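Some notes on the structure that comes next.
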Amino acid sequence: MTTVGLLYPGHSAEDDYPRIEALLTGVNVPVVHTDIGEDAHRVDALLRMGEEDRLAAGVEELRLSGAESVVWACTSGSFVYGWAGAREQVRSLALAAGLPASSTSFAFVRAAQAVGAARVAVAASYPEDVAELFAQFLGEAGVEVVSTVTGGVATAAEAARWGPEQLLALVRAADRPEAEAVLVPDTALRTVALLPELEEAVGKPVLTANQVTVWEGLRLAERHGVRADELGALFAGRD
């Protein structure tokens with residue numbers, strides 16, 4: 001059994017993780033909820049949500065769960081710090097946990113590389129200014145963003161209320177012929193059950209926040225050969 005520990009802000013779409021766990025053999029995904037503070041897709045609120053003390057508060061519970069790696073399961077609460085700041089956030093988390101650590105923002109970069117996507121489209125539920133920071137983060141990693149479409153969602157609670165039709169519409173709107181994958185960055189969106197439908201709709205890999213978060217934790221734990229076709233191209237081709 002491989003245990004991937006997640007720090008998840010508040011309560012929105014955390015039920016995606018038991019769904020992933022059920023689809024993977026020999027994988028345990030305990031979730032510890034961090035204090036979200038103000039639920040707002042605003043840069044100042046997101047910076048506070050990702051502060052070192054908030055993340056460190058959940059570390060001991062993850063250690064007791066037997067976690068072999070820890071991932072800050074939040075995209076916006078990591079990329080808002082920029083590349084250097086997000087690296088420092090992860091370094092501090094690794095030191096606090098005594099475990100390999102990462103965040104969903106870095107998970108997207110590595111997952112895009114894993115599916116061979118150097119050029120991507122971004123389907124972001126966020127307001128435009130926040131989505132642009134994600135595009136900049138990807139650009140710093142050498143991932144070219146050819147399209148960004150935003151949903152203008154102001155809070156995680158609102159994102160959690162999105163249904164399949166809204167999500168499919170956003171992914172279709174963001175897709176471009178030159179994009180090699182479509183990225184859906186909000187961990188507050190329930191995406192796992194829709195992965196096959198999303199990929200069928202655009203005919204290419206779709207990488208979603210909760211999906212790549214678990215994948216990154218498995219990578220850090222050096223757990224290889226984990227496959228589940230229901231979790232999209234990322235897990236279908238994992239070696």
Side-chain angles (χ1 to χ4, degrees), residues 3-21 27-82 85-108 124-127 130 133-134 137 153-162 184-192 208-221:
T3 299
V4 173
L6 304 183
L7 294 172
Y8 186 88
H11 296 268
S12 297
E14 66 270 24
D15 48 331
D16 262 1
Y17 297 116
R19 185 181 295 272
I20 294 175
E21 188 180 78
V27 174
N28 183 34
V29 187
V31 176
V32 171
H33 298 274
T34 64
D35 177 14
I36 197 171
E38 181 185 3
D39 181 12
H41 285 160
R42 284 195 334 267
V43 172
D44 62 324
L46 295 169
L47 287 169
R48 289 193 296 271
M49 184 172 65
E51 288 174 345
E52 181 179 340
D53 290 350
R54 290 183 190 268
L55 304 192
V59 160
E60 183 60 24
E61 188 175 343
L62 284 182
R63 275 202 299 253
L64 292 173
S65 76
E68 298 164 57
S69 62
V70 57
V71 184
W72 167 223
C74 182
T75 325
S76 56
S78 48
F79 68 69
V80 290
Y81 286 86
R87 284 179 62 90
E88 178 59 26
Q89 182 187 59
V90 165
R91 187 193 71 84
S92 297
L93 179 56
L95 287 174
L99 295 167
S102 188
S103 68
T104 305
S105 293
F106 290 113
F108 269 111
S125 55
Y126 312 129
V130 175
L133 291 177
F134 182 53
F137 184 91
V153 172
T155 67
E158 182 182 346
R161 291 193 291 270
W162 269 34
V184 185
D186 195 348
T187 60
L189 290 170
R190 291 180 175 86
T191 60
V192 171
T208 71
N210 294 328
Q211 170 212 42
V212 302
T213 295
V214 175
W215 180 89
E216 175 75 342
L218 290 168
R219 187 191 68 81
L220 290 175

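Just so you know, residue 1 is the first one in the sequence shown, and it goes up from there. Predicted, not measured: the structure shown is a model, and the values here were computed from it.
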Measure the shortest side-chain to side-chain distance between Val214 and Asn210 over non-hydrogen atoms and say whether it is less than 4.5 angstrom.
->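 A side-chain contact under 4.5 Å is absent here.
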Should Leu99 and Ser69 count as side-chain neighbours, where that means a heavy-atom distance under 4.5 Å?
-> no
Using every non-hydrogen atom in the two residues, find where [X] and [Y] come nearest and quote the distance to one decimal.
| X | Y | value |
| --- | --- | --- |
| His33 | Gly10 | ND1-O, 2.6 Å |
| Pro185 | Ala209 | O-CB, 3.4 Å |
| Ala156 | Asp39 | N-OD1, 2.8 Å |
| Gly66 | Thr3 | O-CB, 3.6 Å |
| Ala221 | Glu68 | CB-CB, 4.1 Å |
| Leu220 | Val70 | CD1-O, 4.1 Å |

Apply the test side-chain contact (heavy atoms from CB on, under 4.5 Å) to residues Gln89 and Leu55: give CA-CA distance (whole Å), side-chain angles for both, the deciding distance (0.1 Å), then the verdict.
-> CA-CA 9 Å; Gln89 182 187 59; Leu55 304 192; 4.0 Å; yes
Separation of [Y] [atom2] from [X] [atom1] (nearest 0.5 Å):
| X | Y | atom1 | atom2 | result |
| --- | --- | --- | --- | --- |
| Leu47 | Arg42 | CG | CZ | 10.5 Å |
| Glu158 | Ser12 | CD | OG | 11.5 Å |
| Leu133 | Tyr81 | CG | OH | 12.5 Å |
| Ser125 | Trp162 | OG | CH2 | 6.0 Å |
| Glu38 | Thr155 | CD | OG1 | 10.5 Å |

Take Phe134 and Phe108 through the ring pair (Phe, Tyr, Trp, His ring centres under 6.0 Å) test and state the conclusion after the steps.
-> CA-CA 10 Å; Phe134 182 53; Phe108 269 111; 5.5 Å; yes
Using a cut-off of 6.0 Å, state whether more than 12 heavy atoms not belonging to Arg19 lie near its atom CZ.
-> no
For Arg87, does the CZ atom have more than 12 heavy-atom neighbours from other residues, nucleotides or ligands under 6.0 Å away?
-> no
Applying side-chain contact (heavy atoms from CB on, under 4.5 Å), run through Met49 and Val80 and close with a yes or a no.
-> CA-CA 10 Å; Met49 184 172 65; Val80 290; over 6 Å; no
Side-chain atoms of residues 100-107: list all donor-acceptor pairs with protein atoms under 3.5 Å, sequence neighbours left out, distances to 0.1 Å.
residue	atom	partner	partner atom	Å
Ser102	OG	Arg110	NH1	3.4
Ser102	OG	Glu216	OE2	2.7
Thr104	OG1	Trp72	O	3.3
Thr104	OG1	Cys74	N	3.1
Thr104	OG1	Thr213	OG1	2.7
Ser105	OG	Thr75	O	3.0
Ser105	OG	Ser78	OG	2.6
Ser105	OG	Phe79	N	3.2

Hey, is Glu88 close enough to Arg91 for a salt bridge, meaning N to O under 4.0 Å?
->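 Looking at Arg91 together with Glu88, the answer is yes, because their closest N to O distance falls below 4.0 Å.
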Using only atom types and a distance under 3.5 Å, with no angle test, would you say the side chain of [X] pairs donor to acceptor with the backbone of [Y]?
| X | Y | result |
| --- | --- | --- |
| Arg190 | Ala13 | no |
| Asp16 | Thr191 | yes |
| Glu21 | Val29 | yes |

Counterpart residues, side-chain contact (heavy atoms from CB on, under 4.5 Å), relative to Val32 (two or more places apart) = Leu7, Glu61, Leu62
